[in-house]
Amino acid sequence: MGVIKYQVTEEDKKRFDEDGYWISPKLIDDETIQRLREAHERIWNKKHDGHGLPFYHYSLPENPLAIRKLDNGWWINDEVRSVVTNRNLGHMAAELLNEDSIRLWHDQVIYKPGTNGQETKAGNVGWHQDYGYWRNSSTSNMVTVWIALQDTDLTNGGMMTILGSHKWGAVEGSDTFFEQDMSKLKEKFAKRDWVEEPCILKAGQASFHHALTFHGSGPNLTNDARLSIVAHLMPGDTYYRGGKQRHDNLRLLGARPEPGMRFDREEYFPTLYSR
Ligand SMILES: O=C(O)CCC(=O)C(=O)O
């Protein structure tokens with residue numbers, strides 16, 4: 001159970017450094033994929049493992065075609081937990097980011113319903129940078145691991161990344177996950193070469209994208225939901241750098257977070273890997 005061990009190569013690192021993302025070989029075996037698909041089922045039916053509670057009461061959106069997303073699924077689901085805290089995943093992230101240790105920042109459980117051909121923006125994820133939400137972290141050298149629980153391409157609303165956009169730095173106003181008009185966002189952000197790269201994944205493969213890489217996704221026109229588990233990973237010594245932006249994780253530093261405090265409480269930010 002867990003994540004298959006894979007040694008990241010120099011060529012993989014080069015791809016990640018140049019393109020801002022890298023697609024792994026299959027990391028999750030079929031039995032685990034099935035368990036993670038069942039984990040989705042349990043989560044959306046409010047069946048929790050243990051007594052943890054996510055930050056919010058999450059309810060299914062009124063629109064059945066809208067995207068569903070839960071942060072920190074590992075607090076309430078053991079299968080999700082075993083994948084997003086997996087050492088092998090951490091090792092790969094450490095290699096790609098050139099860091100000595102890796103912690104979990106948070107996870108996401110994402111479910112994009114199939115529309116059966118119906119055109120709607122309800123399942124879209126707007127072009128954004130993950131670091132657009134994480135500006136209170138001391139570093140943007142963070143990575144998102146997006147794990148496909150079925151074969152995924154553009155027909156079922158697979159993700160797209162903008163080639164090399166991690167080299168643009170932290171772009172103002174890039175916290176636009178929930179804006180669903182892709183053309184409008186493209187107009188806003190496409191100030192330089194805008195090359196859209198589809199992340200085409202077989203079930204069990206993952207894409208690793210840098211926290212500054214622009215990405216988003218369009219409609220799932222198939223009959224089947226697109227299911228994924230996502231791990232957002234950070235260097236082990238990441239700290240709160242202050243600033244105005246708020247993030248839910250700040251609450252995990254206590255009632256009075258101070259700049260300089262590390263996100264290092266094991267019970268919230270578990271270490272996946274340390275050299
Ligand atoms: O699931 C998607 O289409 C986008 C997910 C995303 O933005 C992320 O994992 O950072």
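Just so you know, ligand 1 is whichever comes first in the structure, and atom 1 is the first atom listed for that ligand. A quick note: this is a predicted structure, and the numbers were derived from the prediction, not measured. Count residues from 1 along the sequence.
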*Asks:* May I ask you to decide if the ring planes of His232 and His106 are parallel, tilted or perpendicular, using 30° and 60° as cut-offs?
*Replies:* perpendicular
*Asks:* When you measure from the side chain of Asp19 to the backbone of Leu163, do you find a donor-acceptor pair of N or O atoms at a distance under 3.5 Å?
*Replies:* no
*Asks:* Taking atom CD of Glu172 as the centre, report whether more than 12 heavy atoms of other residues, nucleotides or ligands fall under 6.0 Å from it.
*Replies:* no
*Asks:* Looking only at non-hydrogen atoms, find the nearest pair between Met182 and Asn124 and report the distance.
*Replies:* CG-ND2, 3.7 Å
*Asks:* For ligand 1, run through the N/O pairs with the protein that fall under 3.5 Å and put one pair on each line.
*Replies:*
unit_1, atom_1, unit_2, atom_2, d
ligand 1, 1 (O), Trp146, NE1, 2.9
ligand 1, 1 (O), Arg226, NH2, 2.7
ligand 1, 3 (O), Ser217, OG, 2.6
ligand 1, 3 (O), Arg226, NH1, 3.0
ligand 1, 3 (O), Arg226, NH2, 3.4
ligand 1, 7 (O), His128, NE2, 3.1
ligand 1, 7 (O), His215, NE2, 3.0
ligand 1, 10 (O), Asp130, OD1, 3.1
ligand 1, 10 (O), Asp130, OD2, 3.2
ligand 1, 10 (O), His215, NE2, 2.9

*Asks:* Does atom CZ of Arg68 have more than 12 heavy-atom neighbours from other groups under 6.0 Å away?
*Replies:* yes
*Asks:* How are the rings of Phe263 and Trp105 set to each other: parallel, tilted or perpendicular (split at 30° and 60°)?
*Replies:* perpendicular
